[in-house]
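Okay, structure first, notes after.
Numbers restart at 1 for each chain; the letters A, B, ... are given by sequence-line order, proteins then strands.
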There are 2 protein chains.
Amino acid sequence: MKLQKITKKEKHRLYDDACGIAHALDLVGERWALLVMRELLFGPKRFSDLRDSLPGISANVLTQRLEGLEASGLLVKRKLPPPAASQVYELTEWGYESEPVIRTLGKWAARSPMHDPTRPVSSVSIMLSMRTMFDGARTKGFAGSIGFQLEDESFVGRIADGRLELERGPHDGADAVFTGTARLLAAALYSGMPLTAMIDKNMLKVDGDLALAKKFVTFFPLPAKAQAASNS
Amino acid sequence: MKLQKITKKEKHRLYDDACGIAHALDLVGERWALLVMRELLFGPKRFSDLRDSLPGISANVLTQRLEGLEASGLLVKRKLPPPAASQVYELTEWGYESEPVIRTLGKWAARSPMHDPTRPVSSVSIMLSMRTMFDGARTKGFAGSIGFQLEDESFVGRIADGRLELERGPHDGADAVFTGTARLLAAALYSGMPLTAMIDKNMLKVDGDLALAKKFVTFFPLPAKAQAASNS
DNA sequence: CGGCATCCGGGAAGATACTG
DNA sequence: CAGTATCTTCCCGGATGCCG
């Protein structure tokens, strides 16, 4: 029977510590929680979209995390108006403010000696990594808009005055458009493989201004790896 | 029998995701891991010091986290020379570079509407929070050194040219010295209670230049709270 | 005492199946 | 599509005990 359903304990294991870090971990320290936040940084998503973006998460865990994050005031469950009355999860204002946290974390981890970049990535991951690794100083005199068509998600980026704006949405009229998988876009940006080679091998497609696209992929330098400490 | 001991799994549950965030969580995403890192940010500590600084951690979990962080190249186990041949754990260079991550996280969480600051804090926590919340613009024309004697740990801070340096170590010759618990120092910095009131009530002791100490505690503004989303 | 191994109970995570 | 139910696995937390 589910009579006792009312007596929900609802007390996760908390750190008994007033430190901000400990409190942060009470909020987003559970497994998957921060990755759920990451997936929502470019706008609301549905349950299934989240599930598909997070390889390995199971439905019940995703449910729990969404409940927890909602209870913490980091996201809200919202119902879209009748035409396409699907449910979406959207970060609150404070939730969106976690982006610097997530970026800082990612930038730090990028220096890990044991980072394996051959695994799959979500579209949001690669878009977020561009915001993180963007080096405005490299864009001297550059201006343009670039579109990204990754599977069924589209994004558009604009560079001007050394700044990058990047958001989810249609890329109509962009100067150049990349089409392919998130993983292959990551290779183009970070592996050092020449963009033309990737295009020749049909790994990635670029429509529009190819010269602009080739410059674009040089704006995202990876930090130097930390030296590996005596590992096994 | 422990014959099968050789078949060490050694594979924690990893996120199958090349994103930097996921990798970061593979490194420090386990429970307590980031708090262990935090405790080491001001220098090496012994096993027992860590245990005492982290209310609620159990010895075996601490052992596991130290093993994991060492395997990840974030800290090293070091043996001090014979006079006091105790073992200490010390962050690697890359480990120390996690400070921005930890600070960003703490600053973000400080805006949480449901942060309870009445719980105990470790000495390192409060020192780190000062580095995090320090507002150099408030120190116009201020210069001085301040010591902190928190239980049996001592720290010293120097402010000049709008910058704060803060480290573990003796505070001989400091212009003013705070003596008390980390929790009460936190109250002096963040609760808004006047420093003189805390001194009158014997909660905190200040030796040396009291006027300087009173200015000092105004240099660490807390960010505004995020508005509470419809919570229970 | 410091550091670590071991055993155990509870609960969170993972996988799968099922329902509205 | 959006979850819930159930079962298994494994991690976390606490206690004990070994060993230098």
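In this structure, OG in A/Ser154 is found 9.0 Å from CZ in A/Arg168, a value given to the nearest 0.5 Å. Here the NZ-CD distance, from A/Lys45 to A/Glu153, works out to 4.5 Å after rounding to the nearest 0.5 Å. With rounding to the nearest 0.5 angstrom, the OG1 atom of B/Thr104 is 9.0 Å from the CD1 atom of A/Ile21. One distance of note links CD1 of B/Ile102 with CH2 of A/Trp108; it measures 8.0 Å at 0.5 Å rounding. Here the straight-line distance linking atom OG of B/Ser122 with atom CG of B/Asp49 works out to 11.5 Å at 0.5 Å rounding.
Taking 4.0 angstrom as the limit, A/Ser48 places none of its side-chain polar atoms (N or O) nearer than this to OP1 or OP2 of D/dG3. OP1 or OP2 of D/dG3 has not a single side-chain nitrogen or oxygen of A/Thr63 nearer than 4.0 Å.
Side chain of B/His171 to main chain of B/Ile146: no donor-acceptor pair is present (N/O by atom type, distance under 3.5 Å, no hydrogens or angles).
Regarding A/Gln87, its CD atom lies at a distance of 10 Å from the P atom of D/dT4, rounded to whole Å. Following rounding to the nearest Å, A/Glu70 (CD) and D/dA2 (P) show an atom-to-atom distance of 15 Å. Separating the CG atom of B/Leu62 from the C1' atom of C/dA5 is a distance of 14 Å, rounded to the nearest angstrom. Between the C1' atom of D/dC12 and the CD atom of B/Glu67 lies a distance of 15 Å, rounded to the nearest Å. Taking atom CG on B/Leu66 and atom P on D/dC12, their separation rounds to 13 Å, with Å as the unit. If you measure from atom NZ of A/Lys45 to atom C1' of D/dG3, you get 18 Å, rounded to the nearest angstrom. The OH-P distance, from A/Tyr89 to D/dC1, rounds to 14 Å in whole Å. Nucleotide D/dG3 holds its P atom 14 Å from the CG atom of A/Asp52, rounded to whole Å.
Not a single side-chain contact (heavy atoms from CB on, under 4.5 Å) links A/Asp52 to another residue, sequence neighbours left out.
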Expected list for residues 178-190 of chain A: side-chain donor-acceptor pairs under 3.5 angstrom, two or more places apart:
| from | atom 1 | to | atom 2 | distance (Å) |
| --- | --- | --- | --- | --- |
| A/Thr181 | OG1 | A/Leu184 | N | 3.2 |
| A/Arg183 | NE | A/Thr118 | O | 3.2 |
| A/Arg183 | NH2 | A/Thr118 | O | 2.8 |
| A/Tyr190 | OH | A/Ser129 | O | 3.4 |
| A/Tyr190 | OH | A/Ser129 | OG | 2.8 |

Taking distance alone, no hydrogens or angles, what donor-acceptor pairs closer than 3.5 Å link side-chain atoms of residues 76-86 of chain A to residues at least two apart or in another chain?
| from | atom 1 | to | atom 2 | distance (Å) |
| --- | --- | --- | --- | --- |
| A/Arg78 | NE | A/Glu90 | OE1 | 2.6 |
| A/Arg78 | NH2 | A/Glu90 | OE1 | 3.0 |

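Of the listed residues (A/Glu165, A/Glu99, A/Glu167), just one forms a salt bridge (Lys or Arg N to Asp or Glu O under 4.0 Å) with A/Arg131, and that residue is A/Glu99.
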How would nucleotides 13-20 of chain C be written as a contact map, 5' to 3', with B for base contact, S for sugar-phosphate-only contact and - for no contact, using protein heavy atoms under 4.0 Å? SBB-----
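Counting non-hydrogen atoms under 4.0 angstrom, B/Lys77 reaches the backbone sugars and phosphates but no base.
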Detail all sub-3.5 Å separations between protein N/O atoms and N/O atoms belonging to nucleotides 18-20 of chain D.
none

Test side chain to side chain contact (heavy atoms under 4.5 Å, CB included) applied to A/His115 and A/Leu222, step by step: CA-CA 12 Å; A/His115 187 190; A/Leu222 280 184; over 6 Å; no
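In the helix from C/dC1-D/dG20 to C/dG20-D/dC1, the rotation axis of the first five pairs and that of the last five pairs differ in direction by 30°, rounded to 10 degrees.
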